[in-house]
**Student:** 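Below you will find the structure I want to go over with you.
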2 protein chains.
Amino acid sequence: MLSNACKYAIRSILYLAINSSEDNKIGVKIIAEELETPQPFLAKLLQQLTRDKLVSSTKGPNGGFYLNEKNLNNAVWDVIISIDGTDKFDNCFLGLAKCDDRNPCPVHFIVSPFKEKILGSFRDKTIEEYVVEIQNTNRVISLKDLDLFEDEGS
Amino acid sequence: MLSNACKYAIRSILYLAINSSEDNKIGVKIIAEELETPQPFLAKLLQQLTRDKLVSSTKGPNGGFYLNEKNLNNAVWDVIISIDGTDKFDNCFLGLAKCDDRNPCPVHFIVSPFKEKILGSFRDKTIEEYVVEIQNTNRVISLKDLDLFEDEGS
DNA sequence: ACCATTAAAGATATTAATATCTTTTACTAT
DNA sequence: ATAGTAAAAGATATTAATATCTTTAATGGT
Ligand code: FES
Ligand code: FES
C-alpha cells in the first residue's frame with residue numbers, strides 16, 4: 001500500500017518534526033541511523049521532499065534538514081503524494097481495475113472503511129498534530145534503542 | 001499488501017471455484033481473458049498453486065484447471081501463503097522492523113484491527129464459503145463485460 | 001581567501017517483481 | 001500408433017523499485 005520509499009519518508013518527516021528546528025538542523029546521516037534506513041536512498045527522498053517544500057534544508061556546516069512552521073502544517077498525505085502518488089491508495093485490494101462501491105470485489109467492504117479511516121488520518125491531521133499524538137500516546141517511529149523482547153511462548 | 005501475482009492467484013481460484021468442475025476444466029487462456037490478467041504469467045501462478053495442491057489440473061485435450069472438493073475447502077489464506085508468504089501481512093504499515101502492540105507506530109491501532117478482520121476472512125472462510133457469499137451479495141472478481149460508467153460530476 | 005561540511009544533482013548498480021518464450025511431458029480422441 | 005491439445009518446466013526478458021556512487025554547489029567558521 002505504501003512503498004518502502006514512502007514509509008521512510010513519512011517516518012523521516014515525523015522524526016524531523018519531533019527532533020529538529022530552524023536552529024537545530026539534522027543531517028541525513030543521523031536521520032538514517034536513527035530510523036535504520038539506507039542513508040543515500042533517504043537522502044534522495046529528502047531532496048524530493050525539499051523540492052516539494054515539505055521539508056526545509058540548508059547546506060554547509062550546521063546545515064541539514066528541518067521543518068519550519070509552514071512545513072509542520074502540512075499533512076502526511078502530502079508526503080505520500082510527493083513520493084508515491086495516490087494510485088496505490090485508490091486501487092482495489094484484489095487488483096480489479098477499479099475500486100468502487102457499485103462493483104465491489106469480495107473484500108471491498110472490509111477494505112473500504114479502513115481506507116477511509118487511514119486516509120482521513122493522513123489527510124486531515126497536520127504533521128504537528130501527529131507529533132502531539134505521538135508524544136501523548138507513546139507511539140514510536142523507530143525501534144532503534146528499544147528492548148525488543150522476542151515473543152516467548154505464552 | 002498483496003503482490004499482483006497474489007491478487008491474480010486469488011481471483012483465479014475464485015473464478016475456478018465458480019466456473020469450473022471436474023468435467024468442465026478451464027484453460028489458462030480463458031481464465032486470463034476473463035480476469036484480464038497476463039496469460040503466461042498467470043500460467044506460472046496456476047502451476048505453483050497446482051504444485052501446492054490448491055488447484056487441480058490435467059493435460060491434453062479437454063484438459064485445464066479446476067477445483068475438486070478438497071480444493072474448495074482450502075482458504076484464500078493458503079493461496080497467499082503459496083504465492084506471497086505471510087511476511088507482507090505481518091509487517092508494520094510504516095515500515096518498522098516489527099509490528100506489535102507494545103511498540104506501536106502512529107497508525108498501528110488503525111491498521112491492526114483491519115488486519116485482524118481481513119486475515120480472519122481469508123483464514124477462516126473456505127473458498128466454497130467465499131463463493132456462496134460472492135453469489136449472494138453480488139460481488140465481482142472481474143470488471144470485464146461490466147458497464148463502467150465514469151464518475152460524472154455529481 | 002580558504003577549508004571543512006553538508007545538501008543537491010546526476011549517473012550508475014543491484015535486486016526483486018513482472019512478464020514472456022521455448023521446450024518437454026502428459027493426456028485424449030481418432 | 002498417431003496427431004492434436006493443453007499443462008509443466010525451465011530459460012530468458014523487461015520493468016520498476018531500491019540502493020549506491022560521484023561530482024557539484026552552497027554555507028559557515030577560521
Ligand atoms: S473493489 Fe476491491 S477493494 Fe474496492
Ligand atoms: S507497528 Fe506499525 S502497523 Fe503495527
Side-chain angles (χ1 to χ4, degrees), chain A residues 1-12 16 20 22-33 35-68 71 80 82-85 87-88 91 95, chain B residues 1-12 16 20 22-33 35-68 71 80 82-85 87-88 91 95:
Chain A
M1 214 144 191
L2 296 175
S3 66
N4 286 345
C6 200
K7 293 173 187 174
Y8 298 159
I10 293 172
R11 292 199 288 126
S12 292
L16 286 172
S20 79
E22 183 112 25
D23 41 51
N24 181 30
K25 294 157 193 165
I26 306 182
V28 217
K29 205 177 153 195
I30 304 291
I31 306 174
E33 268 168 20
L35 301 184
E36 303 182 280
T37 63
Q39 196 243 253
F41 190 49
L42 185 58
K44 281 287 158 200
L45 299 171
L46 289 169
Q47 282 169 32
Q48 170 70 25
L49 295 178
T50 304
R51 263 195 300 280
D52 285 350
K53 309 241 183 289
L54 299 173
V55 318
S56 308
S57 71
T58 61
K59 300 176 179 178
N62 300 320
F65 296 93
Y66 65 100
L67 300 196
N68 62 26
N71 300 145
I80 294 172
S82 171
I83 303 294
D84 269 358
D87 283 4
K88 291 209 182 67
N91 284 345
Chain B
M1 214 143 189
L2 297 175
S3 67
N4 286 346
C6 199
K7 292 173 186 173
Y8 298 159
I10 292 172
R11 291 198 288 128
S12 293
L16 287 172
S20 80
E22 183 113 25
D23 40 51
N24 180 30
K25 294 156 192 165
I26 307 181
V28 216
K29 206 177 153 196
I30 305 290
I31 307 175
E33 268 167 21
L35 301 184
E36 304 182 282
T37 64
Q39 197 249 176
F41 189 50
L42 185 59
K44 282 287 158 200
L45 298 171
L46 288 169
Q47 282 169 31
Q48 169 70 25
L49 295 177
T50 304
R51 263 196 302 279
D52 285 352
K53 308 239 184 292
L54 299 174
V55 318
S56 308
S57 71
T58 61
K59 300 178 180 179
N62 300 319
F65 297 93
Y66 65 101
L67 299 196
N68 62 25
N71 299 145
I80 294 172
S82 171
I83 304 292
D84 269 359
D87 282 5
K88 291 208 182 69
N91 284 344

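Proteins come first, then strands; the chains are lettered A, B, ... in the order of their sequence lines, and each starts at number 1. What you are looking at is a predicted structure, and each value in this text was computed from that prediction instead of being measured.
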**Student:** Might you point out which heavy atoms bring A/Asn62 and A/Lys25 nearest each other, and give the distance in Å?
**Tutor:**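 A/Asn62 and A/Lys25 have their closest heavy atoms at O-CD, 3.6 Å.
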
**Student:** Looking across every strand, which nucleic acid part, if any, lies under 4.0 Å from B/Pro40 by heavy atom: base, sugar-phosphate, or nothing?
**Tutor:**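 Base contact.
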
**Student:** Does any non-hydrogen side-chain atom of A/Leu45 lie less than 4.5 Å from one of A/Ser12?
**Tutor:** no

**Student:** What is the distance, rounded to the nearest whole Å, between atom CG of B/Asp52 and atom P of D/dA8?
**Tutor:**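 It is 12 Å, rounded to the nearest whole Å.
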
**Student:** Would a 4.5 Å heavy-atom cut-off, applied to side chains only, mark B/Ser57 and B/Leu46 as touching?
**Tutor:** no

**Student:** Please report the distance, rounded to the nearest Å, between CG in B/Leu45 and C1' in C/dT20.
**Tutor:** 13 Å

**Student:** Give the rounded distance in Å between these two atoms: CD of B/Gln48 and P of C/dT18.
**Tutor:** 14 Å

**Student:** Atom CG of B/Asp87 and atom C1' of C/dA17: how far apart are they, to the nearest Å?
**Tutor:**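 Going from CG in B/Asp87 over to C1' in C/dA17 covers 16 Å.
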
**Student:** Does the side chain of A/Ile31 reach to within under 4.5 Å of the side chain of A/Thr37, using non-hydrogen atoms?
**Tutor:**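 Not touching, per the 4.5 Å side-chain cut-off.
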
**Student:** Determine whether B/Phe65 and B/Thr50 make a side-chain contact, defined as any pair of heavy atoms from C-beta on separated by less than 4.5 Å.
**Tutor:** yes

**Student:** Report the distance from atom NZ of B/Lys53 to atom C1' of D/dA8, rounded to the nearest whole Å.
**Tutor:**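 The answer, rounded to whole Å, is 13 Å.
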
**Student:** How many Å lie between OH on B/Tyr66 and P on D/dA6, as a whole number?
**Tutor:**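 Distance, rounded to whole Å: 16 Å.
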
**Student:** Could you check how far CD of B/Gln39 sits from C1' of D/dA8, rounded to whole Å?
**Tutor:**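 Taking CD of B/Gln39 and C1' of D/dA8, I get 14 Å after rounding.
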
**Student:** Check whether any side-chain heavy atom of A/Lys88 lies under 4.5 Å from a side-chain heavy atom of A/Leu2, and answer yes or no.
**Tutor:**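 Of all side-chain heavy-atom pairs linking A/Leu2 with A/Lys88, none is under 4.5 Å.
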
**Student:** So if I define the base as every atom that isn't primed, P, OP1 or OP2, how would nucleotides 2-15 of chain C read as a B/S/- string at a heavy-atom cutoff under 4.0 Å?
**Tutor:** --BBBBBBBB----

**Student:** Using a cut-off of less than 4.0 Å, is there contact between a side-chain N or O of B/Tyr8 and OP1 or OP2 of C/dT18?
**Tutor:** no

**Student:** Whole Å only: how far is the NZ atom of A/Lys25 from the P atom of D/dT27?
**Tutor:**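 Going from NZ in A/Lys25 over to P in D/dT27 covers 10 Å.
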
